[in-house]
Amino acid sequence: MRTAILISGRGSNMVALIEAARAADFPAEIVLVAANRPDAGGLERANAAGIATASVDHRPFGKDREAFERALDEVLRTNQVELIALAGFMRVLTPWFVTRWQGRLINIHPSLLPDFRGTHTHARALEAGVAEHGCTVHFVVPELDAGPTILQANVPVLPGDDEASLSARVLKQEHRIYPQGLALVASGAARLEDPAAASA
Ligand code: GRF
């Protein structure tokens with residue numbers, strides 16, 4: 001499956017996906033890394049890994065999210081992308097884009113969904129005093145962070161944890177399960193139409 005990774009920042013999950021996809025039997029090929037910020041650090045890392053990159057700056061589009069997405073969609077289609085993995089992509093996508101790519105659009109979220117949708121998940125987990133935290137690979141649906149789970153990983157919250165220590169523990173698991181989640185979707189083992197298979 002020709003796969004694009006969408007990023008906004010440093011792209012550590014992107015690197016994990018690129019490295020996993022180098023295996024001969026991996027069912028997804030990373031053909032493009034695209035960012036909504038021309039200065040996203042991950043773009044350089046993708047270039048260094050020999051992956052084609054594109055940047056579609058959202059700022060000239062102002063509040064017109066769909067116009068930005070149409071420009072992004074054009075780049076994806078030009079590159080014959082079949083599957084999209086969001087990896088620290090910090091733009092909320094409109095129903096237009098999500099519906100267009102539904103079933104072929106996945107995300108990694110740094111919490112055990114449905115807990116802590118949205119941002120600042122580690123701070124909120126610490127604030128709530130939960131004993132376990134983690135990350136979720138899920139299909140993207142129009143409602144934010146509400147799509148069916150493909151894979152989750154748990155980590156303990158330890159005494160003395162702060163946001164930095166907890167996010168580092170979670171990030172390690174993100175790098176482990178995101179490639180697995182991408183493989184499940186690219187191989188057809190996890191499908192949005194069949195939530196039972198998606199949670200297998
Ligand atoms: C990760 O924690 C991811 O779960 C969240 O944004 C962060 C991106 O980090 N959606 P990176 O750019 O992959 O290093």
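Nothing here was measured: the structure is a model prediction, and the numbers come from that model. For ligands, and for the atoms within them, numbers begin at 1 and follow the listed sequence.
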Taking distance alone, no hydrogens or angles, what donor-acceptor pairs closer than 3.5 Å link side-chain atoms of residues 32-41 to residues at least two apart or in another chain?
unit_1	atom_1	unit_2	atom_2	d
N36	OD1	S8	OG	2.7
N36	ND2	H58	ND1	3.0
R37	NE	D39	OD1	3.2
R37	NH2	D39	OD2	3.4

Can you give each donor-acceptor pair under 3.5 Å made by side-chain atoms of residues 65-78, sequence neighbours left out, with the distance rounded to 0.1 Å?
unit_1	atom_1	unit_2	atom_2	d
R65	NH1	V92	O	3.1
E66	OE2	R70	NH2	2.8
E69	OE1	T94	OG1	2.4
E69	OE2	T94	N	2.7
D73	OD1	R100	NE	3.2
D73	OD1	W101	NE1	2.8
D73	OD2	R77	NE	3.2
D73	OD2	R100	NE	2.9
D73	OD2	R100	NH2	3.0
T78	OG1	E74	O	2.7

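Side-chain contact annotation: H138 with H109, donor-acceptor N/O pair under 3.5 Å absent. Inspection of the S165 and D161 side chains reveals an N or O donor paired with an N or O acceptor under 3.5 Å.
Side-chain contact check for R169 versus L158: some heavy-atom pair is nearer than 4.5 Å.
Every pair passing salt bridge (Lys or Arg N to Asp or Glu O under 4.0 Å) that includes a residue from residues 131-151 is listed here, sequence neighbours excluded: R117-E143.
Pocket lining of ligand 1, defined as residues with a non-hydrogen atom under 4.0 Å away: R10, G11, S12, N13, G88, I108, P110, E174.
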